[in-house]
Amino acid sequence: MALQKILREVFGYEAFRGPQQAIIEHVVSGGDALVLMPTGGGKSLCYQVPAIARQQAGLGITVVVSPLIALMHDQVGALHEAGVEAAFLNSSLSGEEAAQVEKRMLRGEITLLYAAPERVTTPRFLAQLDSLAERGQLALFAIDEAHCVSQWGHDFRPEYRALTVLHERYPGVPRIALTATADALTRADILERLQLEDAGQFVSSFDRPNIRYTIVEKKDALTQLLRFIEREHAGEAGIVYCQSRKRVEDVAQSLSAAGIRALPYHAGLDQALRQRNQDRFLREEGLVMVATIAFGMGIDKPDVRFVAHLDMPKNIEGYYQETGRAGRDGAPADAWMAYGLQDVVNQRRMIDESPAGEDFKQVMRGKLDALLALAEATDCRRVRLLGYFGEQSTPCGNCDNCLHPPAVQDGSELARKLLSCIYRVQQASGISFGAGHMMDILRGKQTEKVAQYGHEQLSTFGIAKEASESELRAVLRQLIAIGAVAVDGGMFNTLRLTDGSRAVLKGEVSVQLRESVGSPAPRRTRRSTATAPAAQDLGVDDQMRFINLKAWRAEVAREHNLPAYVIFHDATLAEIAQRRPHTLEDLQGISGIGAKKLEAYGADVLRVVADGV
Ligand code: ADP
Ligand code: ZN
């Protein structure tokens, strides 16, 4: 079957997106590929279409290596819904079930087999692959979440390193590695670790134009978060990322207490509860998941309307990966982060105190600095984000700085005062102090500690009386961000000057401050919870049909034990509601309805459209 035909008949889509076609043609004809595409870009089709095409050409099975055991059931379920023979092998299967899958695999009855890397590289599995390979029935290896092979990525899985065996043992079998994240360093690492140096590289634009980026100064983070959700995302699905398990629990409870349906997720919860919360998030509408970064990889829920960070992530890769989970369906979505001095200090300390080698720490510090610079930026966030991934762009019109350009104030003078104060204190006392004490001195506050060390004698005592504490904090964050002040770990997070301080002191580098802007007025009118983003523009009648279709879909999804979006996306239902199809032919052209779904659900859909039940 031609590739277009597979796309249309199996998946119900009219056209390939972006570089999909080039990638698919390359892989179908036996080439290796490295695919870098943002979350929501459409990576799955890049190996699913070749898997189907090569199977049809008599070349056998595609093995999909994925670390996401908890999601394999739904991924395979989605393929079944589209009429594709797929299965998974993982620890959730009983011995007997696994043996069944293996038998079907060896008989050539499976087109796509999902398995975790530690399973793929066992002698038992490799022996089975040998037997397939001998008969020319090993069509393709797809290595999903390929950044897991690199320690520079944010999800390093040592098991991925063993995957080189695939290339060594089956040099004739093409491989496609896919990831949504990779700066230059990580990409080079992936190529080397997976021996893909000769592979075709397909790098898409990383822009996610439907995501609006907002970074606010942390004051009372929880209240800020509540206000954000209530104003802009009431009743909608979202993810809130927190640094620690404890904080996840606290925030989930606070949200629930405020009437927002929220669930916790972190590695400290027992496996069954974690799985249950994840399933609920995927299957129910409008839930907020409060989670550590343990949550999210591979989550393909299309209608996550916001991703909020209550604590700052480690680096831009992490931030971009996590925020990328919003708005996979292409409808408007928010990436919102609150950050403050304490975040900077915490992240810095975690690096300093980690047992890693100095080289590694140096790289991590560089990555943290890049994220700080993003957070402190007064210009377009997207330009900076994309720039980090090596992409040029122009101001986006869809980030906080573009929408509400912050008033910028020259903070160089204040910065110099702060630096001299750090210097004087160190000189006078022989030890350094933390941010709070430094600010007290600058503002001329007579505290106990000031008296204890005689710091009111310093020439810098009270030289920044006119500055507010929040201005001073902003200056300090900036200085840390540009590396002009270092924070030493240990109990007190003391401040010290660096090689970078000199340029600021000499006036060679200026410090720009965002003037504290009050929180902007609500930007979007609140949407009613019944209105799906894809269905915003529906008229009243269409709206009713849409709601009926959703109710029908929920029923089917429950019966099949799958998330609703695996049956049909909201956008597909909205289009059906609008077009009011009378016949199966009418349904055929609608995006997301392939041959199998037409056959399985067409008649029911027509009935729901006709009589609204
Ligand atoms: P990724 O794995 O890159 O994050 P997915 O493979 O999950 O992205 O695709 C994101 C969404 O886009 C999915 O809902 C998918 O069905 C849809 N999609 C992918 N390719 C196409 C296409 N060519 N036409 C229409 N929809 C597509
Ligand atoms: Zn912008």
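Note that the structure is a prediction, hence the values are computed from the model and not measured. Numbering of ligands and ligand atoms starts at 1, following listing order.
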Under 3.5 Å, N or O to N or O, is F16 touching ligand 1 that way? no
I want to check a possible cation-pi pair here: K301 against F281, using under 6.0 Å from ring centre and within 45° of the ring axis as the test. yes
Can you tell me which portion of S591 lies within the under-4.0 Å heavy-atom range of ligand 1? Options are side chain, backbone, both, or neither. neither
T39 heavy atoms, cut-off 4.0 Å: which ligand 1 atoms fall inside? 4 (O)
If you measure from the Lys or Arg side-chain nitrogens to the Asp or Glu carboxylate oxygens, is any gap between D586 and R579 under 4.0 Å? no
Option from K596, K597, H560 for which side-chain hydrogen bond (donor to acceptor under 3.5 Å, both in side chains) with E81 holds: H560
Below 4.0 angstrom, N of the basic side chain to O of the carboxylate: do D300 and R328 qualify? no
Tell me how many protein N, O or S atoms are closer than 2.8 Å to the Zn ion (ligand 2). 4
Check ion pair D604-R553 (N to O, under 4.0 angstrom): no
N/O separation below 3.5 Å, Y13 to ligand 1: yes
Region of E14 that comes within reach of ligand 1 [heavy atoms, distance under 4.0 Å]: neither
Lys/Arg-Asp/Glu bridge criterion (N-O < 4.0 Å) met for D279, R276: no
Scan residues 7-32 for pairs that pass ring pair (Phe, Tyr, Trp, His ring centres under 6.0 Å), counting only residues two or more places apart or in two chains. H26-F202
So for P302 against ligand 1, with non-hydrogen atoms under 4.0 Å, the contacting part is neither
Report yes or no: does G592 have a heavy atom closer than 4.0 Å to ligand 1? no
Output every pair passing side-chain hydrogen bond (donor to acceptor under 3.5 Å, both in side chains) with a member in residues 46-55, not counting sequence neighbours, ordered by first then second residue. Y47-Y114, Q48-Y114, Q55-T111
Is the shortest N/O to N/O distance between Q20 and ligand 1 below 3.5 Å? yes
Would you call the rings of F228 and W336 parallel, tilted or perpendicular if under 30° counts as parallel and over 60° as perpendicular? parallel
Does the residue M37 have a heavy-atom contact with ligand 1, meaning some pair of atoms that are separated by less than 4.0 Å? no
Take atom CD in E559; do more than 12 heavy atoms of anything else shown fall under 6.0 Å from it? yes
Tell me whether A15 has any N or O atom under 3.5 angstrom from an N or O of ligand 1. yes
Non-neighbouring partners of S92 that pass side chain to side chain donor-acceptor pair (under 3.5 Å), sequence neighbours left out: N90
Between G40 and ligand 1, does any nitrogen or oxygen pair lie at a separation below 3.5 Å? yes
Heavy-atom pairs closer than 4.0 Å: do any link ligand 1 to the side chain of H569, the backbone, both, or neither? side chain
